[in-house]
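Read through the structure below, which is laid out as structure tokens, and then see the notes.
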Amino acid sequence: MKPFRHLRYAFESAWQSFHRNASVSFAAVISIGLVLILAGISLLIGHALDQVLQGYRQKVSVITISVADGTTLPTVYEFEAQLRARPDVSSVSFLTKQQVMDQLASNPQNQQLIQQVQGNPVPAEIEVHVRSLSSISQINALARRWVGVDPTNPTDYQGPFINNVLRLSQWLTLGGLALLGILVLVSIVIVMNTIRTAVFHRRHEIEVMKLVGATEWFVRWPFLIEGVLTGLIAAALAVGVVTAGYQPFVERFHSQLFFVPLSYDPTFVTTLGIELLGGGALLGALGSFIGVRRYVRI
């Protein structure tokens, strides 16, 4: 029963302190809420850019190898088997000249061009799906050395574009981590100052509690809970603002730039809410722990 009484006291004391210093607590909630809104926006932008990059990754993760006319099927099948044996290749498919022509004809934009062409000038193709974009250059080099490749247009390898996609992905990851790190530090400082203000108002009470034998953690728990409460309220505010603006932003963006593969992801809303709430509680607890450490050891 004693631990439950201590826990009840900690929650009641935390709420009293939060309510007693309402102006300071409200300012802390708004400040942390704004920081978490910025963090949520940065996470949404990062997720949206990752969606776009993922779409480009899917496109460039397929390399098409042109097969020279006159290449025998056993030669093609042998090269396919060689490609499938590679651990960095996920799938290989062979398209005959007629199948490639049928794919081109299925696109209405190509109809007029196909009608002006006599015969079937397109080569057969081997489509290779790789597991990692870093393997594309190796497959391209291997294909260009193959005896059955069309020398006039061996592959559709897009080396510079692939390198730019990989480089952009790395820079976005580093930039996102740096921004989140700055926002985390700002949030911790805000919570520290809020808790220190609350501790200052209760310094005489803390001194009395220490004199009568209260342990350090008995004094510390109410302030930790107050910090967590501040962080959770601020996080709930941030979740409401960010999730309310997520879908309208995506719809407006898609209507203006319809060719960019960006879509509303409802599953990410749940993930974002959990991350912001957990982050708010953690930041509140950490800021409180640092802010109150000096005073409870008096």
Side-chain angles (χ1 to χ4, degrees), residues 47-170 250-251 253-265 267:
H47 179 69
L49 291 175
D50 186 67
Q51 279 185 305
V52 175
L53 287 176
Q54 188 63 31
Y56 288 126
R57 286 193 193 100
Q58 292 176 356
K59 291 180 180 179
V60 298
S61 64
V62 181
I63 181 170
T64 301
I65 304 170
S66 300
V67 180
D69 293 344
T71 305
T72 62
L73 287 179
T75 303
V76 174
Y77 296 152
E78 181 182 355
F79 186 58
E80 281 188 293
Q82 181 182 354
L83 291 172
R84 289 194 179 96
R86 295 177 60 93
D88 53 356
V89 173
S90 59
S91 65
V92 180
S93 58
F94 173 63
L95 300 176
T96 64
K97 291 170 62 71
Q98 187 58 48
Q99 288 175 324
V100 175
M101 178 61 77
D102 291 341
Q103 283 187 352
L104 292 174
S106 63
N107 189 342
Q109 297 179 354
N110 298 328
Q111 292 294 331
Q112 186 176 0
L113 178 62
I114 292 176
Q115 292 175 359
Q116 298 174 358
V117 174
Q118 295 181 354
N120 186 352
V122 298
E125 296 178 349
I126 298 176
E127 289 186 353
V128 183
H129 294 251
V130 298
R131 302 183 189 278
S132 173
L133 293 183
S134 59
S135 303
I136 289 286
S137 60
Q138 300 175 17
I139 302 298
N140 174 66
L142 178 64
R144 290 176 180 271
R145 295 193 301 266
W146 178 46
V147 295
V149 71
D150 185 356
T152 60
N153 185 27
T155 68
D156 63 347
Y157 176 61
Q158 305 176 53
F161 180 73
I162 293 173
N163 292 333
N164 289 335
V165 170
L166 291 173
R167 191 177 298 110
L168 179 60
S169 179
Q170 294 173 353
V250 171
E251 292 176 351
F253 184 90
H254 190 68
S255 64
Q256 298 293 329
L257 301 172
F258 60 89
F259 53 88
V260 178
L262 178 64
S263 60
Y264 174 69
D265 185 4
T267 59

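Side chains included, hydrogens not; waters and symmetry mates left out as well; all remaining heavy atoms used.
For Ser91, the side-chain hydrogen bond (donor to acceptor under 3.5 Å, both in side chains) test picks out no residue, with sequence neighbours left out. Taking Thr72 as the reference, Pro74, Thr75 meet the side-chain contact (heavy atoms from CB on, under 4.5 Å) condition, with sequence neighbours excluded. For Arg144, there are no salt bridge (charged side-chain N to carboxylate O under 4.0 Å, His left out) partners at least two apart in sequence or on another chain. Remark: Thr96 pairs with Phe94, Gln98, Gln99 by the side-chain contact (heavy atoms from CB on, under 4.5 Å) rule, at least two apart or across chains. Looking at residues two or more places apart in sequence or on another chain, you find a side-chain contact (heavy atoms from CB on, under 4.5 Å) between Val89 and Arg86, Val92, Val128, Ile139. In this structure, Glu78 has no salt bridge (charged side-chain N to carboxylate O under 4.0 Å, His left out) partners at least two apart in sequence or on a different chain. With sequence neighbours excluded, the residues that form a side-chain hydrogen bond (donor to acceptor under 3.5 Å, both in side chains) with Ser135 are Asp88. Every residue was checked against the side-chain hydrogen bond (donor to acceptor under 3.5 Å, both in side chains) condition with Thr71, not counting sequence neighbours, and none meets it. Every residue two or more places apart in sequence or in another chain was checked for a salt bridge (charged side-chain N to carboxylate O under 4.0 Å, His left out) with Asp150, and none qualifies.
Residue pairs satisfying the ring pair (Phe, Tyr, Trp, His ring centres under 6.0 Å) criterion with at least one member in residues 70-90, sequence neighbours excluded, are listed as follows: Phe79-Trp146. Evaluation of the salt bridge (charged side-chain N to carboxylate O under 4.0 Å, His left out) test over residues 132-142, restricted to residues two or more places apart or in two chains, returns none. Pairs passing the salt bridge (charged side-chain N to carboxylate O under 4.0 Å, His left out) check and including a residue from residues 126-142, sequence neighbours excluded, do not occur.
Looking at every heavy atom in both residues, Ala143 comes nearest to Val149 through O-CB, 3.5 Å.
Taking CD1 of Ile63 as the reference point, atom CD of Gln138 lies at 11.0 Å (rounded to 0.5 Å).
Gln82 is listed as a side-chain neighbour of Leu142, based on a closest heavy-atom distance under 4.5 Å. Side-chain atoms of Ile126 and Thr64, non-hydrogen and from C-beta on, never get closer than 4.5 Å to each other.
No side-chain donor-acceptor contact under 3.5 Å links Thr155 to the backbone of Asn140.
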